[in-house]
Amino acid sequence: MRLDTTVLGIESSCDETAAAVLRADGSILAEAVFSQQQEHAAFGGVVPEIAARAHLQHLPSLVTKVMREAGIGYAGLHAVAATAGPGLIGGLIVGASFGKGIALAHGLPFLAINHLEAHALTVRLPGLMPGKPPAFPYLLLLLSGGHCQCVLVERLGRYSRLGSTLDDAVGEAFDKAAKLLGLPWPGGPHLERLAALGDPDAIALPRPLLGRPGCDFSFSGLKTAVARVVSQGQARAEDIAASFQAAVAAVLADRARHALNMAPGVTALVVAGGVAANGAVRRALEGVAMTHSLPMLAPPLHYCTDNALMVAWAGIERLLHGASDPLSHNPRPRWPLPEMTAP
Ligand code: KG4
Ligand code: ZN
């Protein structure tokens, strides 16, 4: 492995505009994230057209900033990696085109990165977390606002999906429950703070798919139950929040348990995505990992959510395996992990 390999990563698949310069030994030369939350908050969710325009507005100055901070000049880069899917097509076009432009102008290889693969590989970034990075194969639980799936990470570029959500993503469920409780968007962190003041056993909420075979997820029934409890006007918001969070944590733990039974021989349970920031969820999943004598690993919170460091790292892993993509590569709004190719 060439430890001085240095890659510029660009992320623009949803509502975070981000750029980072990373070296293969794990040194972060520079990174910046612009969260568009303010732009979308008034609408209670991400508005694709606003997101695309905001990426276009902020990405050039963000890249200039990280390149200045990295202090190596474009000649010091070995490649440019940009998220090319899955995600909102407008943002993907902005980020991928910008990355291709830099690659073309400076004669660098371009890497079209799958956003989910970037989440999946983050824990392998040297020095990001204490201890040695997990060896393949490991189990990934991706728990974000847009994705909710359970993936067996066999090796670089080879993934099988063991289960995914039948309706809402888990972060979406948090956001919808929070909205019903009158909390601002995105509601997950607000709901967690409210839940800390409530009784998780106060209200009996459904635990969708609990105990069912496999590791698919479902959250729409839980959301409907919260809506009913809220409309009855009897329960305290704190108790509803705590009971909702407990139901989600119980369901996720059950699904993770099934997934671990479906994938014997994994070295770790890895959790990523914004919902991995939730304390109750983390504790429940830690418990499951422990009963399987496995470590539960979650990147530091800042890298659980969307960022460009993970894109740069996926780029480095692919580049070091000889991969690169043509400038004619088209962004893919849908790009399931099992459709990836191993370099
Ligand atoms: O991974 P992420 O930043 O963005 C994508 O969806 O790609 O995840 C954002 C989601 C939102 O739904 C947000 O409400 C949720 O993660 N979230 C949380 C917490 N922090 C963020 N949900 C529950 N508890 C939290 N502490
Ligand atoms: Zn993401």
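Read the numbers this way: they start at 1 and go in the same order the structure lists the ligands and their atoms. Predicted model, so just to flag it, every value in this text is computed and none were measured.
- Side chain of Asp239 to main chain of Ala202: no donor-acceptor pair is present (N/O by atom type, distance under 3.5 Å, no hydrogens or angles).
- Within 6.0 Å of CZ on Arg212 lie no more than 12 heavy atoms contributed by other residues, nucleotides or ligands.
- At the top of the distance list for atom 2 (P) of ligand 1, counting protein heavy atoms only, stands Gly274 N, 3.7 Å.
- At least one side-chain heavy atom of Val226 sits under 4.5 Å from a side-chain heavy atom of Leu205.
- In summary, an N, O or S atom of His119 is located under 2.8 Å from the Zn ion (ligand 2).
- The aromatic rings of His40 and Trp185 sit perpendicular, their planes meeting at an angle over 60°, well past the 30° parallel limit.
- Of the heavy atoms in Cys14, none comes closer than 4.0 Å to ligand 1.
- Ligand 1 places these atoms under 4.0 Å from at least one heavy atom of Gly146: 6 (O).
- Relative orientation of the His115 and His119 rings is perpendicular, given thresholds of 30° and 60° on the angle between their planes.
- With the Zn ion (ligand 2) as the vertex, atom NE2 of His115 and atom OD1 of Asp306 span an angle of 90° (nearest 10 degrees).
- Less than 4.0 angstrom separates some heavy atom of Gly145 from each of these atoms of ligand 1: 5 (C), 6 (O), 8 (O), 9 (C), 10 (C), 12 (O).
- Interface of Gly171 with ligand 1, defined as ligand atoms under 4.0 Å from a residue heavy atom, comprises 12 (O).
- Residue contacts with ligand 1, taken as heavy atom pairs separated by less than 4.0 Å, involve Thr305 via backbone and side-chain atoms alike.
- The Gly188 neighbourhood of ligand 1 comprises atoms 14 (O), 18 (C), 19 (C), 22 (N), 23 (C), 24 (N), 25 (C), with distances under 4.0 Å to a heavy atom of that residue.
- The neighbour count for Gln38 CD, taken as heavy atoms of other residues, nucleotides or ligands under 6.0 Å away, does not exceed 12.
- No option in His58, Gln57, His55 other than His55 meets the side-chain hydrogen bond (donor to acceptor under 3.5 Å, both in side chains) test with Thr17.
- Inclusion of Cys14 in the first shell of the Zn ion (ligand 2) is not supported: no N, O or S atom falls under 2.8 Å.
- Per-residue contacts place Asp175 under 4.0 angstrom from the following atoms of ligand 1 (heavy atoms of the residue considered): 11 (C), 12 (O), 13 (C), 14 (O).
- Closest protein heavy atom to atom 26 (N) of ligand 1: Glu192 OE1, 2.8 Å.
- Aromatic ring centres of Phe244 and Phe174: separated by under 6.0 Å.
- For ligand 1, the atoms lying closer than 4.0 Å to a non-hydrogen atom of Gly273 are 1 (O).
- Nearest protein heavy-atom neighbour of atom 4 (O) of ligand 1: Asp306 OD2, 4.0 Å.
- Heavy atoms of other residues, nucleotides or ligands lying less than 6.0 angstrom from CZ of Arg332 number more than 12.
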